[in-house]
Structures are given as structure tokens and as C-alpha cells.
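Everything below concerns the one structure shown next.
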Amino acid sequence: MKSELIVDVQPNEVSIALTEDTRLVSLQKEARNIAYAVGDIYLAKVKKLMPGLNAAFVNVGYDKDAFLHYLNLGPRFASYKAFLGQLLDGERTAAITPLSKMKFLPDIDKHGAISDVIQPGQQLLVQIVKEPISSKGPRLTTEISFTGRYMVLIPFSDKISISQKIKSTEEKVRLRQLIASIKPKNFGVIVRTSAEGKGAADLNSEMLTLRSCWEETIEKARASQAPALIFEEESRIVGMLRDVFSPSFESIHVNDPEIHSQILKYVSLIAPERADIVKLYKDDIPVFDHFNITKQIKASFGKTVSFKSGAYLIIESTEALHVIDVNSGNRSKAAPDQESNALEVNLRAADEIARQLRLRDMGGIIVIDFIDMNKPEHRQQLYEHMREVMANDRARHNILPLSKFGLMQITRQRVRPALDITTTETCPSCFGKGEVQPSLLFTDTLFEKLKYVTVGMGLEGVKMYVHPYVDAYIKKGFFFSSLLFKWKRTLGTAFKILPDQSLAMLQYRVLDKDNNEIDLKEEKDADKPTAEKTKNKAKNRGSEEGE
């Protein structure tokens with residue numbers, strides 16, 4: 001199977017697409033100016049206690065207070081609290097006892113009350129485990145952890161856990177003995193699947209790196225006042241990549257030199273022999289268009305998703321519940337009987353549903369209405385197949401067998417909002433009102449915009465992106481008889497016309513030679529009717545006289 005990563009870096013967000021045999025199977029999007037991300041560590045202050053919820057609201061600097069439940073304090077909270085006390089409450093310049101030399105206090109009561117261990121105004125070192133979703137603030141934990149490629153380091157713990165995806169007993173024993181010999185005292189470790197087969201040098205190097213992250217976090221917390229960001233990934237993009245990267249990737253395409261350098265540095269560090277797979281994409285065509293990602297996104301994120309021989313899914317979502325209905329549609333190659341046909345459609349639907357859950361990052365409760373099947377062996381076969389196709393899903397999940405109504409229930413870990421991409425397009429000319437300018441005049445509008453930026457603003461190297469159909473119309477026929485040639489003959493060669501599949505039919509955008517979008521708001525009056533322009537001029541003249 002050919003696996004590729006395509007990284008699309010835009011001014012406001014970064015998108016990472018994972019393809020298998022050119023088929024999109026995972027998509028991650030993250031705003032570049034995002035305020036909070038899972039894994040960030042804050043020095044925060046308890047704002048108020050909620051005994052009825054056995055939780056506290058904590059100020060981390062967000063508009064909404066973050067939520068900290070008693071169960072997220074962890075069993076070693078008493079030791080954590082004592083360590084934090086000498087770190088924050090005493091003299092900030094005084095020496096503190098290193099964590100590795102501390103003697104742990106007894107575990108707190110699993111069924112205790114939050115008011116017994118936390119007080120309003122108290123400062124805590126907290127980590128975000130769930131991003132803000134809808135009207136809710138972030139969810140927190142005081143069980144701090146530092147994630148690396150091969151392991152997760154957990155202060156205030158001594159436990160060593162091995163990934164369940166490592167099946168070999170001998171390998172588990174080897175890794176457990178190796179980690180036990182290199183880990184510091186009072187630190188727990190979760191060994192990740194990617195550590196399988198790795199040597200002592202690789203694991204020890206990462207252990208030292210993660211421990212230095214802890215020490216830097218402690219020093220920064222000591223010098224800060226709550227609320228304050230204490231620790232975050234060096235690069236959010238590298239953090240996103242770390243969870244999906246595999247040395248088996250054939251290539252990683254990146255369209256931004258700076259991000260390309262960061263990814264190349266990361267891959268060179270963890271898999272030096274594979275550094276050549278990181279490639280800088282330099283073409284003017286959008287990188288997602290070049291690798292057919294944009295088209296797959298538009299086909300995969302709608303309410304209705306087709307998957308095989310006319311069969312399709314209907315996906316409806318609320319904040320905490322997703323409902324998926326399986327329909328056989330007008331299948332042309334139906335099985336000989338209804339039961340066999342239902343089984344075949346359901347099995348193929350399970351494949352697509354597993355892909356959709358990863359693709360949209362759907363979490364919470366998922367209810368699937370499969371086509372009814374009468375035979376118990378077929379229902380069991382579908383259940384086992386769903387478990388098999390979801391085995392590679394990194395998010396924690398639980399699958400229940402089909403109920404007597406033919407419904408399958410799945411719970412899937414949700415740490416961030418589900419990825420919701422609107423695939424319908426609002427008309428850019430009428431904005432949904434139902435009346436548009438004559439489409440034949442659209443090319444005249446494009447020409448006027450080009451004339452404004454090339455002649456009026458004197459810019460060179462301008463790129464205008466339009467819908468692929470419009471691009472084809474402008475360039476149709478022999479070059480010297482095309483509309484593009486006429487424009488270049490009039491305006492010179494200081495511009496390019498390029499297709500962009502993400503645009504609606506009558507949309508366009510213009511970039512300068514540095515790929516910064518040119519704001520054409522000054523040209524808005526040119527598109528307005530004469531009476532409206534006259535009215536605006538009179539209004540402006542009246543404002544000037546009033547001054």
C-alpha cells in the first residue's frame with residue numbers, strides 16, 4: 001500500500017492529508033493562531049468549586065473557565081500538591097527537592113470530594129486533555145505527561161505500560177526491562193507502538209529529551225504568575241505529524257519552505273535514512289488540487305456519501321451524537337437474494353464508516369442503522385468486520401454488537417470538535433438571493449480586476465485563481481486565439497491564470513508574487529450600479545461638508 005502525506009500550509013491554517021493508494025483516509029486541520037491545543041501545560045488558578053459536580057472551574061486565560069474533575073487529579077495528587085507547594089508557595093529562588101528524590105505521599109481517596117483537596121485561589125499546574133468544544137471550555141488534568149515519538153513520560157508515577165498493539169511477549173519484556181533501566185525514579189512511562197524494535201540508544205535519547213522538557217517546565221512555572229502558558233510543542237505542525245508519521249511513507253509533500261525545514265529536521269532526527277521522502281512542493285497549482293485531495297474532500301464531507309455500486313450513507317450530527325444510515329440505493333450488481341445483498345452492502349458500508357470516523361474525527365456516540373439481516377451469523381460477521389477495520393484507528397473506541405433493531409453503537413474518543421467541512425457552495429454573485437449577474441460578463445469582471453492590480457497597482461508576478469471550468473474557458477482553443485492571449489497582449493505578461501478546485505464557479509482570488517492575497521475591496525464600488533455609486537459619492541461629500 002502506497003502511503004503519502006500532503007501538508008497544505010495556508011496563512012490561517014495547516015491541513016495534513018494522509019492518503020493510502022491515493023485515497024484520502026485522514027485529514028487534520030489546525031488554525032495557526034489557535035489559542036489552545038491538547039498537550040499544552042498551563043500554570044492556572046482555581047476560580048470556584050462545584051461540589052455537586054465534584055469538579056472545579058479553573059482560570060487558564062480562556063474566555064470560558066476550564067473544567068477540572070476530581071477523577072482527573074490522579075491518585076498521586078497529594079504528592080503533586082506537596083511538590084507544587086515548595087515550587088510556588090515558598091521562596092522562588094530557594095532550592096527545591098528534585099522529583100526523583102521525593103518520597104511519595106499516600107494516594108488520595110478514589111471516591112473523595114474535590115473540596116477536600118483543592119481550595120479557590122490555589123495555583124495548579126494543569127494540562128489540556130480536551131480542546132474547547134461548542135460553548136464548553138477546555139478540559140484539564142493535573143496528571144502531567146510529555147509525549148515523544150517512542151514513549152510518554154509521566155511525572156509522579158512509577159508505572160511502566162506497554163502499548164497493547166505490540167503483540168510479541170518477548171518484545172514487551174525487552175522494552176519493559178530496557179525502560180526500567182533508564183527511566184528516572186518517580187517517573188512513569190507509557191511505551192508507544194513505534195518503540196517496537198528500537199535500541200537502547202534511541203530510547204535513552206528520547207528519555208533525556210522528555211526529562212529536560214519537565215525540568216524546563218518546572219523552571220518556567222517557578223518564574224511565572226497564573227494564568228500563564230508554561231509548555232507547548234516546539235511546532236504544532238510537528239506535533240500533528242508525530243502522531244501520524246510512519247517510516248513506511250513513500251513521500252511527504254509540503255508547500256511551505258519554513259514548515260518543510262521543520263518537518264525535514266524532525267524526520268532526519270527520528271528516521272535519518274528516510275529524510276529524502278520530505279519534498280518541497282513548488283508548483284503554482286494548489287498542492288491539494290495537484291494530489292486530488294480537494295475533490296475527495298468535497299465528495300467525502302457532505303451529508304450523503306456514496307461508497308459502492310450506488311449504495312450510500314446519510315450522516316447526521318449533533319454535538320454529542322452522530323447517526324449514520326446505510327442505504328443500498330440502486331445497485332446494478334445486486335446479490336442473488338436479499339439477505340446476501342444486505343450483508344454485502346453492510347460490509348462495504350463498514351469500510352466506509354471506519355474511514356469517515358477517522359476522516360471527520362467524529363467522537364462521542366455513533367449510532368449506525370445497517371440494513372436489516374435475519375441470519376445471526378451474518379450479524380456476527382458484520383460486527384467482527386467492523387472491529388477489524390477500526391483496529392487501526394488511533395482514537396480509543398468501543399464497539400457493541402448489533403441490537404435487535406439492527407443498530408450498532410460505537411463510542412469514540414473526542415478530544416477536539418469533529419471536523420466539519422461545508423461542501424455546498426453559496427453563489428458568490430447573489431449570496432443566496434437567487435439573482436446573479438449575467439455569467440457571460442464574468443470574464444469582463446476578471447479582466448477589470450487584473451487590469452486594476454497590474455496596471456493600476458503596478459504589480460508583477462500576479463496569480464489569479466479561478467474555478468477550473470472558468471480557467472478552461474479562458475484558455476480554450478489555440479493559444480493565440482484564446483481569451484488569455486488577448487489579455488496578455490493588452491496587459492503584458494505580469495500575471496498568470498490558474499485553476500483552484502476549492503473555489504465556486506464565479507469565485508476568484510488574486511495573490512501577489514509573495515503569495516499574499518490582494519484585497520480588492522477598493523474595487524467594490526466599480527461593481528455597484530451607477531445610481532448606488534452616485535448615492536455613495538453624495539454621502540461622502542455630505543460627510544466632508546459636515547467636517
Side-chain angles (χ1 to χ4, degrees), residues 30-31 33-89 92 105 107-147 154-157 214 217-218 220-233 236 318-321 361 363-365 396 411 413-418:
E30 184 163 337
N33 60 347
I34 190 170
Y36 295 92
V38 172
D40 285 355
I41 299 175
Y42 286 82
L43 180 62
K45 184 174 289 188
V46 178
K47 192 167 183 180
K48 61 180 177 180
L49 301 181
M50 302 294 290
L53 299 175
N54 204 18
F57 285 111
V58 180
N59 178 18
V60 292
Y62 186 56
D63 295 339
K64 294 274 186 180
D65 291 330
F67 183 80
L68 176 64
H69 194 272
Y70 181 84
L71 295 177
N72 292 120
L73 298 178
R76 294 285 171 85
F77 183 75
S79 303
Y80 159 93
K81 185 177 178 181
F83 179 82
L84 215 58
Q86 64 166 329
L87 181 72
L88 302 176
D89 297 339
R92 297 286 177 121
L105 299 174
D107 291 356
I108 61 173
D109 184 5
K110 185 186 298 184
H111 304 290
I114 196 152
S115 56
D116 295 336
V117 292
I118 287 180
Q119 300 301 322
Q122 183 177 341
Q123 293 189 87
L124 298 174
L125 203 60
V126 296
Q127 189 167 33
I128 293 181
V129 293
K130 185 182 287 188
E131 292 180 5
I133 296 176
S134 185
S135 60
K136 302 174 183 177
R139 183 152 186 164
L140 307 176
T141 182
T142 58
E143 293 186 282
I144 306 299
S145 63
F146 298 89
T147 304
I154 307 172
F156 303 100
S157 174
W214 161 253
T217 299
I218 291 304
K220 191 170 181 181
R222 207 175 190 198
S224 303
Q225 293 293 329
L229 175 62
I230 301 301
F231 173 83
E232 64 177 337
E233 299 281 355
R236 295 187 189 278
T318 64
E319 183 175 335
L321 176 71
D361 201 11
I365 301 172
R396 292 197 302 270
T411 59
Q413 180 187 23
R414 181 176 72 157
V415 296
R416 56 181 58 88

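Count residues from 1 along the sequence.
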Closest non-hydrogen atoms of Val60 and Pro227, given as atom of the first, atom of the second and distance, are C-CB, 3.5 Å
Separation between NZ (Lys110) and CG (Leu71), nearest 0.5 Å, reads 9.5 Å
Side chain proximity check, His69 to Arg139, heavy atoms < 4.5 angstrom
yes
Keeping the roles fixed (side chain from Gln127, backbone from Thr141), state whether a donor-acceptor pair exists under 3.5 Å. no
Taking every heavy atom of Ala44 against every heavy atom of Val58, the minimum-distance pair comes out as CB-CG1, 3.3 Å
For Gly39 and Phe231, the nearest pair of non-hydrogen atoms, with its separation, is O-CD2, 4.2 Å
Below 4.5 Å, heavy atoms only, C-beta onward: do Phe77 and Ile118 meet side chain to side chain? yes
Distance col, row Asp116:CG vs Asp109:CG, nearest 0.5 angstrom, shows 9.0 Å
Rounded to the nearest 0.5 angstrom, the CG-CD distance for Leu84 and Gln122 is 8.0 Å
Does the side chain of Met50 come within less than 4.5 Å of Phe57's, by heavy atoms?
yes
CD1 (Ile41) and OG (Ser145) are apart, to the nearest 0.5 Å, by 7.0 Å
| message | In the structure I gave you, are the side-chain heavy atoms of Leu140 and Tyr42 within less than 4.5 Å of one another anywhere? | response | no
Heavy atoms of Pro155 and Phe146 approach each other most closely as CG-CE1, 4.2 Å
dist Leu125:CG -> Ile230:CD1 (nearest 0.5 Å) comes out at 6.5 Å
Are Leu124 and Leu68 packed together at the side-chain level, in the sense that at least one heavy-atom pair is separated by less than 4.5 angstrom?
yes
Smallest heavy-atom separation, Ser224 atom then Lys220 atom, equals OG-O, 2.6 Å
The reported gap from NZ in Lys130 to CD in Gln413 (rounded to nearest 0.5 angstrom) is 8.5 Å
Any donor-acceptor N/O pair, Lys81 side chain to Val117 backbone, under 3.5 Å: yes
(message) Measuring only between side-chain heavy atoms, which start at C-beta, is Tyr80 closer than 4.5 Å to Leu73?
(response) no
Backbone N or O of Gly121 within a donor-acceptor pair of the Asn59 side chain at under 3.5 Å?
no
Closest heavy-atom pair, Thr411 versus Ile365, reported as atoms and distance to 0.1 Å, is CG2-CG1, 4.5 Å
(Q) Using side-chain heavy atoms (C-beta onward) and a distance below 4.5 Å, is Leu43 in contact with Gln123? (A) yes
